[in-house]
Amino acid sequence: MTIQPDELMTLAVEAAEEKKAMNLVTLNLRGISLIADYFVICHGNSETQVQAIATEIRKRAEERGARVRGLEGMDTARWVLLDLGDVVVHVFHRDDREYYNIERLWSDAKVVEKV
């Protein structure tokens with residue numbers, strides 16, 4: 001069973017929320033980028049929280065049968081990138097999120113509102 005991009009995005013958001021991710025933003029990149037359909041961006045206040053958020057998202061994605069194509073940055077936990085194919089998750093440490101401000105780079109994307 002293949003998990004749809006919308007479901008995968010929701011799963012990632014819910015997993016991040018469970019681990020108390022801060023300033024959670026989801027960008028809809030459809031029609032803007034071929035990289036992915038969604039970017040999920042959030043941050044944690046410590047390296048431990050960043051790792052916990054990324055680990056929970058990975059665990060839930062794998063449980064639902066999604067293939068984790070890449071996981072980078074877990075060792076330093078300053079910017080963890082989790083590639084789930086149609087959904088790319090960026091989990092930052094608070095300080096690094098402010099520095100990189102990737103939402104600005106994708107300002108053409110629509111922010112997905114949580115219902």
Side-chain angles (χ1 to χ4, degrees):
M1 181 175 128
T2 304
I3 186 168
Q4 296 300 310
D6 292 346
E7 287 179 80
L8 191 55
M9 176 268 297
T10 299
L11 175 147
V13 167
E14 289 173 353
E17 287 175 334
E18 182 175 304
K19 294 299 178 182
K20 309 293 187 222
M22 308 295 293
N23 196 14
L24 191 63
V25 175
T26 303
L27 302 178
N28 184 336
L29 299 177
R30 290 180 175 150
I32 295 172
S33 173
L34 298 175
I35 295 171
D37 288 347
Y38 296 103
F39 272 4
V40 176
I41 307 162
C42 62
H43 72 264
N45 291 320
S46 69
E47 287 87 356
T48 303
Q49 186 182 19
V50 168
Q51 289 173 333
I53 294 165
T55 298
E56 185 66 19
I57 294 168
R58 179 182 188 174
K59 181 183 101 180
R60 288 198 191 184
E62 288 174 340
E63 286 173 353
R64 287 294 312 273
R67 186 172 143 233
V68 177
R69 298 175 183 206
L71 178 64
E72 300 289 333
M74 284 292 276
D75 53 339
T76 60
R78 302 298 295 182
W79 178 358
V80 176
L81 183 125
L82 187 60
D83 182 354
L84 303 174
D86 293 322
V87 177
V88 176
V89 182
H90 301 268
V91 185
F92 287 94
H93 187 282
R94 176 188 62 239
D95 300 334
D96 293 287
R97 178 156 185 196
E98 292 170 12
Y99 178 78
Y100 289 107
N101 192 12
I102 67 171
E103 293 97 319
R104 179 181 43 83
L105 297 174
W106 295 95
S107 61
D108 292 346
K110 292 183 180 127
V111 175
V112 176
E113 298 294 330
K114 190 172 176 185
V115 180

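Everything numeric here is computed off the predicted structure, so don't read it as measured data.
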Closer than 4.0 angstrom, basic N to acidic O: yes or no for Lys59 and Glu56? yes
Are Val88 and Ile102 joined in one hydrophobic group, where the rule is that I, L, V, M, F, W and Y side chains link up if heavy atoms are under 4.5 Å apart? yes
Do any side-chain atoms of residues 34-44 form donor-acceptor pairs under 3.5 angstrom with protein atoms, and if so which ones, sequence neighbours left out?
{"from": "Tyr38", "atom 1": "OH", "to": "Asp6", "atom 2": "OD1", "distance (Å)": "2.5"}
{"from": "Tyr38", "atom 1": "OH", "to": "Arg30", "atom 2": "NH1", "distance (Å)": "3.3"}
{"from": "His43", "atom 1": "ND1", "to": "Arg97", "atom 2": "NH1", "distance (Å)": "3.3"}

Give me the atom names and distance for the closest heavy-atom approach of Phe92 to Val50. O-CG2, 3.3 Å
Group every Ile, Leu, Val, Met, Phe, Trp and Tyr by side-chain heavy-atom contacts under 4.5 Å, then state whether Val13 and Val80 land in the same group. yes
Hey, is the main chain of Asn45 close enough, under 3.5 Å, to the side chain of Gln49 for a donor-acceptor pair? yes
Could you pull out the closest heavy-atom pair between Ala12 and Val89, with the gap in Å? CB-CG2, 4.0 Å
Heavy atoms, side chains only, cut-off 4.5 Å: are Glu7 and Leu11 in contact? no
Hey, does the side chain of Glu47 reach the backbone of His93 with a donor-acceptor pair shorter than 3.5 angstrom? no
Hey, could you give me the CZ/OH distance between Arg78 and Tyr99, rounded to the nearest 0.5 Å? 12.5 Å
When rounded to the nearest 0.5 Å, the distance separating CG of Asp95 from OH of Tyr100 is 11.5 Å
Roughly how far, to the nearest 0.5 Å, is CZ of Arg67 from CG of Leu8? 12.5 Å
I need the minimum non-hydrogen distance between Ala54 and Met74, along with the two atoms involved. CB-SD, 3.7 Å
Distance (rounded to the nearest 0.5 Å) between Glu103 CD and Thr26 OG1: 10.5 Å
Same cluster or not: Trp79 versus Ile53, using hydrophobic residues (I, L, V, M, F, W, Y) connected whenever any side-chain heavy atoms lie under 4.5 Å apart? no
Is it possible for you to say whether Val87 and Val112 belong to one hydrophobic cluster, with membership spreading through side-chain heavy-atom contacts below 4.5 Å? yes
Pairwise distance CG(Leu82) to CZ(Arg69) - rounded to 0.5 angstrom: 12.0 Å
Neighbour count >12 (heavy atoms, 6.0 Å) for atom CD, Glu18: yes
Do Ile32 and Lys110 come within less than 4.5 Å of each other through their side chains, counting heavy atoms only? no
Can you get from Leu81 to Val68 by hopping between Ile, Leu, Val, Met, Phe, Trp and Tyr side chains that sit under 4.5 Å apart? no
Once rounded to the nearest 0.5 Å, what's the spacing between atom CE of Met9 and atom CD of Glu14? 9.5 Å
Mind checking whether Leu84 and Ile57 have side chains closer than 4.5 Å, heavy atoms only? yes
